There are 2 protein chains.
Amino acid sequence: MKLAEAQQQFIASWGAFGSHWGINRTMAQIHALLMISPDPLSQDDVMEQLNISRGNVNMNIRDLIDWGLVSRILIPGERKEYFSAEKDVWKVATQIIKERKKRELDPMLRLLDQLDNIEGDKKDKHIKQFTETIGNIRKFGQQADRMLDTMVKADENWFLGNLLKLFK
Amino acid sequence: MKLAEAQQQFIASWGAFGSHWGINRTMAQIHALLMISPDPLSQDDVMEQLNISRGNVNMNIRDLIDWGLVSRILIPGERKEYFSAEKDVWKVATQIIKERKKRELDPMLRLLDQLDNIEGDKKDKHIKQFTETIGNIRKFGQQADRMLDTMVKADENWFLGNLLKLFK
DNA sequence: CACTAATTTCTGAAAATATGGAAAATACAA
DNA sequence: TTGTATTTTCCATATTTTCAGAAATTAGTG
């Protein structure tokens, strides 16, 4: 397969993939493009290669920077800003986990804490089912929370090593 | 807190939560409602409690059944169908993992396999960066794939037990 | 069969989201 | 300053997604 074709496919699929994960298509495509680019790219480079407008590129690159997946690169003597993506897949994954945990899991757990105390007859089946469901989701969420925390802090080799032992 | 209020909040948040995860809001809300209902509900019950149209309820319940999260319940003597959600959180989680793996991770890995063989000068930095990125994502994906497989097959207690040992 | 209850599909409308491109703001150099 | 390159914001438009409600289909009943 030719490089150009493979690149196109990868960018397109990464975009589609991302959109199943709450990340918009364009943002994921820009991310894909930067991951396979050996050198940092400018906004104009991205515009040209993906055929999207300046405003769109700008917004999405800013989001990627917020997510900690892309960083600004200043090239001495150049006035333009350049951008480069983290290329270590482990770091990309833990960064995404960290952010999503903060934005989604943590608030959900806080809500579940609040919902845990219901007034009324504990024997009522509606109350019983509700508190039981909430309680179980909470317990599960807390486990997941701890596991993800450890994972984010961990070193890749340590993690994979232990994991392999576990899942032999 | 009153039960009714807590239920409302849970349903609303579960809906919002789901929409970050490629599951549409209504579908997640119906799922939430069924999880906290002690008895199976009919389409009309769901319509009434969530204020959504018959068509919408029908479509989304069908999707939930496809995902393996909800099952049809036939009550003898009753002509209506009733629906009930899996309430074991571990089963819910593994079911979702299983489905998403099948729908997203597996196709992505298949694509990456294809993209691994690029024609051209292996010294070219574009080719080098591309094959390296693809290769790393692939390796990572395969690890995740194996881990999720094990997890899906595993029993909850075994899994959590081992996990706790690992993440102490 | 015919009649009715219940489910499913379909369609256009509405809401939400993404996008392009111009205009405004900023940064830098002379 | 002033002029120019670059980035960022803004908002009208396009696209996608969600949704209600009607129509069509299916299944149960006498």
Side-chain angles (χ1 to χ4, degrees), chain A residues 11-34 39-67 70-84 103-104, chain B residues 11-34 39-67 70-84 103-104:
Chain A
I11 290 170
S13 319
W14 200 248
F17 198 64
S19 64
H20 289 284
W21 289 88
I23 289 160
N24 90 41
R25 200 162 36 83
T26 308
M27 185 168 148
Q29 286 181 352
I30 295 175
H31 183 229
L33 174 62
L34 290 175
D39 303 309
L41 301 181
S42 69
Q43 287 198 160
D44 296 84
D45 294 333
V46 176
M47 284 170 63
E48 191 185 336
Q49 298 214 34
L50 301 181
N51 272 305
I52 50 186
S53 74
R54 181 175 303 285
N56 206 359
V57 169
N58 187 278
M59 254 181 36
N60 283 297
I61 287 188
R62 235 163 4 90
D63 279 351
L64 285 166
I65 293 175
D66 280 349
W67 276 82
V70 162
S71 51
R72 278 176 224 274
I73 305 281
L74 292 170
I75 295 182
E78 285 254 28
R79 199 144 157 186
K80 261 189 198 150
E81 286 179 331
Y82 287 79
F83 301 93
S84 155
R103 296 171 192 212
E104 294 157 36
Chain B
I11 290 170
S13 319
W14 200 248
F17 198 63
S19 64
H20 289 284
W21 289 87
I23 290 160
N24 88 40
R25 200 163 39 83
T26 308
M27 184 170 152
Q29 286 182 350
I30 295 175
H31 184 230
L33 174 63
L34 292 174
D39 304 309
L41 302 181
S42 68
Q43 287 198 157
D44 296 83
D45 295 332
V46 176
M47 283 169 64
E48 192 185 335
Q49 297 213 35
L50 301 181
N51 273 304
I52 50 185
S53 74
R54 181 175 303 285
N56 204 2
V57 169
N58 186 278
M59 257 182 33
N60 283 294
I61 286 187
R62 223 157 17 80
D63 279 351
L64 284 166
I65 292 174
D66 279 349
W67 275 81
V70 162
S71 50
R72 278 175 224 274
I73 305 282
L74 291 170
I75 295 181
E78 286 254 30
R79 199 145 157 187
K80 263 188 196 148
E81 286 180 330
Y82 287 79
F83 302 92
S84 155
R103 296 171 193 214
E104 294 157 34

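FYI, side chains are in, hydrogens and waters are out, and symmetry mates aren't considered; it's all heavy atoms of this structure. Please read all numbers here as calculations on a predicted model, not as lab measurements. Throughout, protein chains are lettered first and strands after them, A, B, ... in sequence-line order, and every chain is numbered starting at 1.
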Review point. Is there side-chain contact between Met47(B) and Ile52(B), with heavy atoms separated by less than 4.5 Å?
Key: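 Heavy-atom side-chain distance check fails, nothing below 4.5 Å.
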Review point. Has Arg62(A) got its NZ or CZ under 6.0 Å from the middle of the six-membered ring of Trp67(A), at an angle within 45 degrees of the ring axis?
Key: no
Practice item. With a 4.0 Å heavy-atom cut-off, tell me which residues in residues 54-62 of chain A come close to DNA chain D, sorted by residue number. Key: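 Only Arg54(A), Gly55(A), Asn58(A), Arg62(A) qualify.
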Provide, to the nearest angstrom, the distance between the [atom1] atom belonging to [X] and the [atom2] atom belonging to [N].
{"X": "Gln43(A)", "N": "dA5(D)", "atom1": "CD", "atom2": "C1'", "result": "12 Å"}
{"X": "Asp44(A)", "N": "dG21(C)", "atom1": "CG", "atom2": "P", "result": "14 Å"}
{"X": "Asp63(A)", "N": "dT8(D)", "atom1": "CG", "atom2": "P", "result": "12 Å"}
{"X": "Met47(A)", "N": "dG20(C)", "atom1": "CE", "atom2": "P", "result": "9 Å"}
{"X": "Asp45(A)", "N": "dT7(D)", "atom1": "CG", "atom2": "P", "result": "10 Å"}
{"X": "Met27(A)", "N": "dT17(C)", "atom1": "CE", "atom2": "P", "result": "15 Å"}
{"X": "Arg25(B)", "N": "dA14(C)", "atom1": "CZ", "atom2": "P", "result": "17 Å"}
{"X": "Arg72(B)", "N": "dA6(C)", "atom1": "CZ", "atom2": "P", "result": "15 Å"}

From [X] atom [atom1] to [Y] atom [atom2], the distance as rounded to the nearest 0.5 Å:
{"X": "Ser19(A)", "Y": "Met27(A)", "atom1": "OG", "atom2": "CE", "value": "12.5 Å"}
{"X": "His31(A)", "Y": "Asp63(A)", "atom1": "NE2", "atom2": "CG", "value": "13.0 Å"}
{"X": "Leu50(B)", "Y": "Leu33(B)", "atom1": "CG", "atom2": "CG", "value": "5.0 Å"}
{"X": "Trp14(A)", "Y": "Gln29(A)", "atom1": "CH2", "atom2": "CD", "value": "12.5 Å"}
{"X": "Asn24(B)", "Y": "Met59(B)", "atom1": "CG", "atom2": "CE", "value": "7.5 Å"}
{"X": "Arg72(A)", "Y": "Phe83(A)", "atom1": "CZ", "atom2": "CZ", "value": "5.5 Å"}

Practice item. Report the C-alpha distance between Arg54(B) and Asp44(B) in whole Å, list the side-chain angles of each, state the deciding distance to 0.1 Å, and finish with yes or no for side-chain contact (heavy atoms from CB on, under 4.5 Å). Key: CA-CA 8 Å; Arg54(B) 181 175 303 285; Asp44(B) 296 83; 3.1 Å; yes
Check your understanding: Which letter, B, S or -, goes with each nucleotide of nucleotides 24-30 of chain D from 5' to 3', with contact meaning a protein heavy atom under 4.0 Å?
Key -> ---BBS-
Check your understanding: Counting side-chain heavy atoms from C-beta on, which of dT19(C), dA6(C), dT8(D) comes nearest to Lys80(B)?
Key ->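 Nearest nucleotide to the side chain: dA6(C).
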**Study point:** Closest to the Ser53(A) side chain, choosing from dT7(D), dG21(D), dG20(C)
**Key:**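 Side chain of Ser53(A) sits closest to dG20(C).
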Review point. Is there a donor-acceptor pair closer than 3.5 Å between any side-chain N or O of Asn60(A) and the backbone N or O of Asn56(A)?
Key: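 Between the backbone of Asn56(A) and the side chain of Asn60(A) there is a qualifying donor-acceptor contact (under 3.5 Å).
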Check your understanding: Do Ser42(B) and Asp45(B) have side-chain N/O donor and acceptor atoms under 3.5 Å apart?
Key -> yes
Check your understanding: If we fit an axis to the first five pairs and another to the last five of the helix from dC1(C)-dG30(D) to dA30(C)-dT1(D), what angle do they make, to the nearest 10°?
Key ->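 Axis angle across the helix from dC1(C)-dG30(D) to dA30(C)-dT1(D), nearest 10°: 10°.
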Check your understanding: With a 4.0 Å cut-off on heavy atoms, is Ser42(B) in touch with a base, just the backbone sugar-phosphate, or nothing at all?
Key -> nothing
